[in-house]
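A, B, ... follow the sequence lines: proteins, then strands. Residue 1 opens every chain.
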Protein chains: 2
Amino acid sequence: MSTAQGARARARLEVTTAIKDEARRQLAEEGAAKLSLRAVARELGMVSSALYRYFPSRDDLLTALIIDAYDSAGEAAETAHATAANTTPLRRWVAVCEAVRVWALDHPHEYALIYGSPVPGYKAPDTTVRAASRVGLLLTGIVRDAHRTVGVARTPIPAELRPEAERLTAALDPELPPEVTMALVAAWAQVYGLVGFELFGQFNRVVEDRETFFRYAVSRIGHEVGLVFPEKA
Amino acid sequence: MSTAQGARARARLEVTTAIKDEARRQLAEEGAAKLSLRAVARELGMVSSALYRYFPSRDDLLTALIIDAYDSAGEAAETAHATAANTTPLRRWVAVCEAVRVWALDHPHEYALIYGSPVPGYKAPDTTVRAASRVGLLLTGIVRDAHRTVGVARTPIPAELRPEAERLTAALDPELPPEVTMALVAAWAQVYGLVGFELFGQFNRVVEDRETFFRYAVSRIGHEVGLVFPEKA
DNA sequence: TCCAAAGCAAGAGCACTGCTCTCTTTTTAG
DNA sequence: CTAAAAAGAGAGCAGTGCTCTTGCTTTGGA
């Protein structure tokens, strides 16, 4: 019939997302280690071997979940950025960072999957790389915008880092001063260090008021990047 | 006989360390997910059930490896600190951070185990907590020493963070100014963010000269903590 | 010195896992 | 209408963590 071809494809897509949803549920509840293909199939009322028609292996299912997690985190960050669109670059910077933190606290196991450790056979397809850089690009955009409007402060970099800074600037955003690019990349990593430490319990008997602490730390990092004009628009 | 009692205990200790060594080997080769009790027993020429006399479960074995990993990392950091004993606080700071990075690159799976994600049943016994804070205490010591000798710079903290800073200072090192304590805790997390990003591949097509980059980033973090006199002794 | 108690190794077995293979049924496309 | 492709079902393999029972050895106290 006319929609026959589409019917199959649609059914396949439905089953695929059903599998991923159930897998995500188990991931959120028990963690990546306890995620079981057979349990997913069981819950969906299908036999385990049928699941292999959709994902050739457990690692492939995990990879799909990783990509989705990157997208989910990126979307949360972008939403926060859109909400804070009409404010200072520094405020937007903090807003995006806070969104990442909240997302991580809401999805701890997914965060561990993407920023914790390369659990499966440690491969990173291009799709993964692209999805992974979404938050990074967002932060870069904030700094670029600040550079265009109110300007950014430059902290000198050592001579030995000059070539790296030039190369990185060309790849990331040729518009930005190399000193700022360098600081930006470092800042990105540092923000995730803060999130990871809180999430993985390193702050357990150390930091109490974590939200306030995070805002403080992330503001300082933003300042380090060159976002030094918090009052101007 | 006289050493009979000691003989048993010694044998037990030998077997225990043999198990841990073999487990660590498999951990280094394949990662925590692939670490198998049966494979460890097989490699040691013993039957799998015998292994349960030494470790009541797989998670307990992993926990033991985690504690050892914390100790190993702490020792590497302390050695680096001792080597740089007669230099500037900032130089010592950088040296310790670099030692942590090198250790992490040499033991990626162990690093993932302790700073990546709480793989097992997510429990943190007191022994773990103590071992975990070793590097943190070392960094605190460097800052304290700087405070006593050349002095540290203070960056003001927001009023809402004041109580947290007071409490934290009392717990960590009452001698230090609260502003510095706050910056120190943040710095600690940020350093691990840098290490984790490099280790887990987030710098893959981004940063090339990672050693130089790390030294730069970590120096700036040290500066942020208040280690601002790199030339004085 | 002897002997009960504790420590330890071995083996069988259970429930579970990822994954492969074969067989049958259904759906698609020429 | 029919050949090919896609999907489901079931059995089965090798591996896992873990438990239980059975014997053997070492230990510490009477």
Q) Looking at CG of Leu199(B) and NE2 of His109(B), how far apart are the two atoms once the value is rounded to the nearest 0.5 Å? A) 9.0 Å
Q: Using modelled atom types only, decide if a donor and an acceptor are shared between the side chain of Arg220(B) and the backbone of Ala183(A) within a distance under 3.5 Å.
A: no
(Q) Heavy-atom count check: over 12 atoms from other residues, nucleotides or ligands less than 6.0 Å from Glu75(B) CD? (A) no
Q: Without swapping roles, check the side chain of Glu110(B) against the backbone of Ala69(B) for a donor-acceptor pair under 3.5 Å.
A: no
Q: For dA7(D), take OP1 and OP2 only and decide whether either is under 4.0 Å from a side-chain N or O of Arg12(A).
A: yes
Q: For Arg10(A) and dA7(D), give me the distance from atom CZ to atom P, rounded to whole Å.
A: 14 Å
Under 3.5 Å, which N/O atoms of the protein pair with N/O atoms of nucleotides 4-6 of chain C?
none

Q. Of Ala50(B) and Leu35(A), whose closest DNA chain C nucleotide lies nearer the 5' terminus?
A. Ala50(B)
**Q.** Rounded interatomic separation in angstrom, taking CG from Leu13(B) and P from dG7(C)
**A.** 16 Å
Q) Would a 4.5 Å heavy-atom cut-off, applied to side chains only, mark Leu161(A) and Met182(A) as touching? A) yes
(Q) Expressed as a whole number of angstroms, how long is the span from Glu30(A):CD to dT17(C):P? (A) 11 Å
Q) What nucleic acid atoms does Leu51(A) come within less than 4.0 Å of, heavy atoms only: base, sugar-phosphate, or nothing? A) nothing
Q: Look at the side chain of Arg38(B) and the base of dG15(D), then say whether one donor and one acceptor between them are separated by less than 3.5 Å.
A: no
(Q) What is the distance, to the nearest angstrom, from the CZ atom on Arg42(B) to the C1' atom on dG17(D)? (A) 13 Å
Q. In whole angstroms, how far is the C1' atom of dC19(C) from the OH atom of Tyr54(A)?
A. 18 Å
Q) Side chains of Leu168(B) and Phe213(A): does their closest heavy-atom pair fall under 4.5 Å? A) no
Q: Report the distance from atom CZ of Phe55(A) to atom P of dC19(C), rounded to the nearest whole Å.
A: 13 Å
Q: Apply the test ring pair (Phe, Tyr, Trp, His ring centres under 6.0 Å) to residues Tyr115(B) and Tyr70(B): give CA-CA distance (whole Å), side-chain angles for both, the deciding distance (0.1 Å), then the verdict.
A: CA-CA 10 Å; Tyr115(B) 290 111; Tyr70(B) 272 125; 5.7 Å; yes
(Q) Could you measure the distance from the CH2 atom of Trp103(B) to the OG1 atom of Thr79(B)? Nearest 0.5 Å is fine. (A) 13.0 Å
Q. Think Arg58(A) has a side-chain N or O under 4.0 angstrom from the OP1 or OP2 of dC19(C)?
A. no
**Q.** Atom pair SG (Cys97(A)) and CG (Leu194(A)), whose distance is rounded to the nearest 0.5 Å
**A.** 9.0 Å
**Q.** Contact pattern, 5' to 3', of nucleotides 20-25 of chain C - B, S or - by protein heavy atom under 4.0 Å
**A.** B-----
Q: Report the distance from atom CG of Leu37(A) to atom P of dG15(D), rounded to the nearest whole Å.
A: 19 Å
**Q.** Whole angstrom value for the distance that separates P of dT16(D) from CG of Leu61(B)
**A.** 14 Å
